[in-house]
Amino acid sequence: MHRLKRYVWCAFLLLVLTFVKFQYTGQSFTQTARAQGADLHGKDWEPIIVADVNQTKLLLRVGGHDYSNLTDGIYMDADRKLMIPVDLLREAFDCGAHLYEEHLLVVEHKEDVLKLEYGKDYYIRNEEKVKYSQPLVKKHGKLYVPLELLAEELSYSCQWDVEQNMLTAYHGEDDAAHLPQRYDLREKGRAPKIRDQGPYGTCWAFASLTALESALLPETGLELSVDHMNQNNSFTSSIEDGGQYVMAMAYLAAWQGPVLEEDDPYGDGQTDASLTAVRHVQEMEIIEAKNMDAIKKAVFQYGGVESCIYTTMQDMDEESPYYNREAYAYCYPGTEKPNHDVVIIGWDDTFPQEYFQEGALGDGAFICQNSWGTDFGEQGVFYVSYSDTNIGMHNLVFTKAEDSSNYNRLYQSDLCGWVGQMGYQRESMYGANVFTAQEEEDIAAAGFYTTGKNTDYKVYLVPDFTDTGSLDDRMLVSEGRFENAGYHTVRFDQCIRVAAGSRFAVVIWLSTPGALRPMAIEYAADELTQEVDLKDGEGYVSAQGRQWADVESTSGCNLCIKAYARSVPQP
């Protein structure tokens with residue numbers, strides 16, 4: 001197998017040489033060398049090849065997703081190895097990948113554990129030392145791994161497409177094949193501190209922020225403020241009312257938070273609305289109901305998954321016919337809807353069926369972190385049967401939370417986020433939001449929700465919007481597909497500069513299989529959303545992208561489309 005992989009890589013490098021020789025700048029390197037009177041040897045060719053590959057759009061396709069040197073930082077090194085940023089590994093290669101102490105990368109794939117340490121000429125595979133020159137490389141302050149090493153260890157095959165200048169890495173196993181029988185974030189140092197919600201209806205906020213804290217571990221050990229999420233979102237709810245994960249999504253997508261617990265402590269009856277987000281949450285995925293393998297994969301790759309249960313217990317002291325205190329085992333087999341949010345931090349396929357009081361149809365349980373303090377369960381953790389009616393029905397995982405300096409400005413008109421959906425009784429539609437540039441700046445990315453699985457999208461920009469006729473001149477800036485519903489940020493291949501005071505439009509085309517209303521909208525749907533402001537947005541929708549309707553006047557809503565901008569660098 002290893003010989004086969006080495007052969008694939010040799011073939012790949014040969015194809016790169018062939019591609020570079022005939023494709024760049026309209027002439028071959030042979031012609032260039034002859035014109036300069038040069039007689040170049042192999043060692044002289046390499047820097048020329050590498051430089052040209054890196055200066056052209058270079059693509060890596062993994063699992064149907066494209067990553068490029070323009071937006072994702074991949075590059076070819078001097079030895080013609082394709083280098084992958086560490087922060088892409090989880091998303092791209094179906095593995096767990098986390099940095100400990102900023103220099104030790106731990107990659108988990110099925111039962112295998114790889115440990116790569118910066119500055120070493122080897123890595124550790126399941127406690128066995130493997131010689132490799134520079135398994136981790138640092139460039140511009142970021143750590144990179146050679147794709148060659150990843151393909152070898154994670155059982156990926158690679159194929160080079162000369163026409164598209166794209167390398168495709170793929171494996172033939174399904175997602176479940178990458179998952180161990182038992183996995184527990186506590187054992188990985190990636191389970192956040194256990195906290196206690198007390199008498200308040202704040203489990204939804206505790207669960208959301210615990211899942212987010214887990215996604216940031218071990219790289220960043222932040223304790224985030226539940227008080228701030230409860231009291232500084234755009235919904236008309238109080239700390240006693242309770243809530244749901246879509247409220248957390250809206251609060252985080254709008255950059256209303258998160259903030260640190262130490263800056264806005266829990267339960268003191270006070271909050272500081274002037275605090276700004278310490279992280280910018282850019283991606284949140286909703287895992288489809290009862291897809292147990294997808295939930296496990298999300299925990300394995302990213303961290304805790306917010307989910308929910310129905311419980312008759314209101315706190316740790318109450319008894320329940322569905323809870324076995326001795327085994328910390330819970331299973332509710334009835335028809336009641338969920339009323340309590342928890343965080344899935346692992347699973348155990350061998351957890352015995354007999355440990356559950358009733359309702360379990362077999363072995364196996366999710367390991368769940370609660371918000372009732374450390375005196376509940378196994379120091380705050382309990383085991384919920386796969387057979388439980390509600391666990392795994394509603395699931396949220398945070399897949400990308402970036403430094404708060406990633407963009408300078410967020411343009412938006414949907415502070416309550418995904419309240420409802422609209423469409424034309426068909427799978428696809430267009431939506432456009434218009435914003436006014438606060439200064440001369442570069443529009444770098446767009447944010448929007450997908451409301452179902454396997455949604456295809458195209459993102460366009462209109463830098464000079466005057467009326468709906470301007471939308472005909474939209475320029476395509478990104479396209480692709482999202483596997484899961486949720487909130488997504490799409491970076492443009494190239495930033496588009498807009499002038500101060502100019503109006504620009506972000507246009508989204510969505511196609512969601514089986515959907516009749518694929519576009520997420522914000523509107524005053526109930527008491528929680530009664531204060532939605534429709535005056536802060538200007539949005540248009542179209543079935544075919546030709547005739548456009550104003551969503552405020554025709555449908556009484558805002559579109560959930562955002563734009564991210566960066567300040568123009570000063571000379």
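Throughout, numbering of the chain's residues begins at 1 and tracks the sequence.
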Asks: Quick check: are there more than 12 heavy atoms from other residues, nucleotides or ligands sitting under 6.0 Å from CD of Glu527?
Replies: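 Open: at most 12 neighbouring heavy atoms sit under 6.0 Å from CD of Glu527.
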
Asks: Are the side chains of Thr512 and Thr450 in touch, meaning some heavy atoms are under 4.5 Å apart?
Replies: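 No, every pair of side-chain atoms sits at 4.5 Å or beyond.
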
Asks: Given Thr271, which partner from the list Asp264, Asp263, Asp227 fulfils the side-chain hydrogen bond (donor to acceptor under 3.5 Å, both in side chains) test?
Replies: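 Per the side-chain hydrogen bond (donor to acceptor under 3.5 Å, both in side chains) rule, the option paired with Thr271 is Asp264, out of Asp264, Asp263, Asp227.
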
Asks: Using the rule given for side-chain contact (heavy atoms from CB on, under 4.5 Å), can you reason through Val137 versus Leu143, listing the C-alpha separation, both sets of side-chain angles and the distance that settles it, and then say yes or no?
Replies: CA-CA 6 Å; Val137 174; Leu143 288 174; over 6 Å; no

Asks: Looking at Tyr75, I'd like to know if its OH atom is crowded, meaning that more than 12 non-hydrogen atoms belonging to other residues, nucleotides or ligands lie closer than 6.0 Å.
Replies: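 More than 12 heavy atoms, drawn from other residues, nucleotides or ligands, come within 6.0 Å of this atom.
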
Asks: Does any donor atom in the side chain of Glu91 or Tyr67 lie under 3.5 Å from an acceptor atom in the other side chain?
Replies: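 The answer is yes; a qualifying pair exists.
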
Asks: Atom OH in Tyr449, atom CD in Glu522: separation rounded to 0.5 Å?
Replies: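 The OH atom of Tyr449 sits 9.0 Å away from the CD atom of Glu522.
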
Asks: Can you list, pair by pair, the side-chain donor-acceptor contacts under 3.5 Å of residues 420-432, counting residues two or more places apart and other chains?
Replies:
unit_1 : atom_1 : unit_2 : atom_2 : d
Gln421 : NE2    : Arg517 : O      : 2.8
Glu427 : OE2    : Gly514 : N      : 2.8

Asks: Could you check whether the rings of His394 and Tyr245 sit parallel, tilted or perpendicular, using 30° and 60° as the cut-offs?
Replies: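 Tilted.
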
Asks: Decide yes or no on side-chain contact (heavy atoms from CB on, under 4.5 Å) for Tyr170 and Gln159, but give the supporting numbers first.
Replies: CA-CA 9 Å; Tyr170 57 92; Gln159 187 173 25; 4.2 Å; yes

Asks: Taking C-beta and beyond as the side chain, do Ile74 and Leu88 meet within less than 4.5 Å on heavy atoms?
Replies: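 In short, these two side chains touch, coming nearer than 4.5 Å.
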
Asks: Do the non-hydrogen side-chain atoms of Leu275 and Asn232 ever get within less than 4.5 Å of each other?
Replies: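 Contact flag for Leu275/Asn232 side chains = no.
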
Asks: Are there over 12 heavy-atom neighbours, none belonging to Glu102, within less than 6.0 Å of that residue's CD?
Replies: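 Open: at most 12 neighbouring heavy atoms sit under 6.0 Å from CD of Glu102.
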
Asks: Could you check if a side-chain atom of Leu510 sits within less than 4.5 angstrom of a side-chain atom of Met519, using non-hydrogen atoms only?
Replies: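 They are in side-chain contact.
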
Asks: Show me the donor-acceptor pairs within less than 3.5 Å that the side chains of residues 247-260 make with the rest of the protein, sequence neighbours left out.
Replies:
unit_1 : atom_1 : unit_2 : atom_2 : d
Tyr251 : OH     : His228 : ND1    : 2.7
Gln256 : NE2    : Ser234 : OG     : 2.8

Asks: Within the 4.5 Å heavy-atom criterion, are Glu288 and Asn484 side-chain neighbours or not?
Replies: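 Not in contact.
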
Asks: Begin from the C-alpha positions of Asp493 and Lys57 and carry the test salt bridge (Lys or Arg N to Asp or Glu O under 4.0 Å) through to its verdict.
Replies: CA-CA 9 Å; Asp493 289 344; Lys57 185 175 181 180; 2.9 Å; yes

Asks: Using the side chain to side chain contact (heavy atoms under 4.5 Å, CB included) rule, pick out the option among Val397, Asp341, Ile344 that qualifies with Glu306.
Replies: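 It is Asp341; the other options fail the test.
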
Asks: Within this structure, what is the CG-OH distance for the pair Asn230 and Tyr266, rounded to the nearest 0.5 Å?
Replies: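 The distance works out to 7.0 Å.
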
Asks: Among all residues two or more places apart in sequence or in another chain, which pass the side chain to side chain donor-acceptor pair (under 3.5 Å) test with Asp403?
Replies: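 Ser405.
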
Asks: Distance to the ring centre below 6.0 angstrom and angle to the axis at most 45 degrees; does that hold for Lys139 and Tyr144?
Replies: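 Lys139 over Tyr144 ring: no.
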
Asks: Please enumerate all residues that pass side-chain contact (heavy atoms from CB on, under 4.5 Å) together with Asp526, with sequence neighbours excluded.
Replies: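 Only Leu528, Thr529 meet the side-chain contact (heavy atoms from CB on, under 4.5 Å) criterion with Asp526.
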
Asks: Can you list everything that forms a side-chain contact (heavy atoms from CB on, under 4.5 Å) with Cys495? Sequence neighbours excluded, please.
Replies: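 So Cys495 forms a side-chain contact (heavy atoms from CB on, under 4.5 Å) with Asp442, Ala444, Arg566.
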
Asks: For the residue pair Tyr540 and Leu559, establish whether any side-chain heavy-atom pair is separated by less than 4.5 Å.
Replies: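 Result no, sub-4.5 Å side-chain heavy-atom pair not found.
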
Asks: Pair Asn406, Gln282 - check side-chain contact (heavy atoms from CB on, under 4.5 Å), show working.
Replies: CA-CA 10 Å; Asn406 60 349; Gln282 304 293 157; 3.0 Å; yes

Asks: Are Phe235 and Val246 side-chain neighbours, meaning at least one heavy-atom pair lies under 4.5 Å?
Replies: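 Contact flag for Phe235/Val246 side chains = no.
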
Asks: Do Leu471 and Phe465 have side-chain heavy atoms sitting under 4.5 Å apart?
Replies: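 Side-chain contact under 4.5 Å: yes.
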
Asks: Determine yes or no for a side-chain-to-main-chain donor-acceptor pair under 3.5 angstrom, with Glu552 supplying the side chain and Gly539 the backbone.
Replies: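 Checking the backbone N and O of Gly539 against the side chain of Glu552, no donor-acceptor pair under 3.5 Å is found.
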
Asks: Counting only heavy atoms not in Gln494, do more than 12 fall under 6.0 Å of its CD?
Replies: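 No - once you tally the heavy atoms of other residues, nucleotides and ligands closer than 6.0 Å, there are 12 at most.
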
Asks: Mind checking what makes ring pair (Phe, Tyr, Trp, His ring centres under 6.0 Å) contact with Tyr411, not counting sequence neighbours?
Replies: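 Testing Tyr411 for ring pair (Phe, Tyr, Trp, His ring centres under 6.0 Å), a comparison that skips the adjacent residues, returns Phe435, Phe504.
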
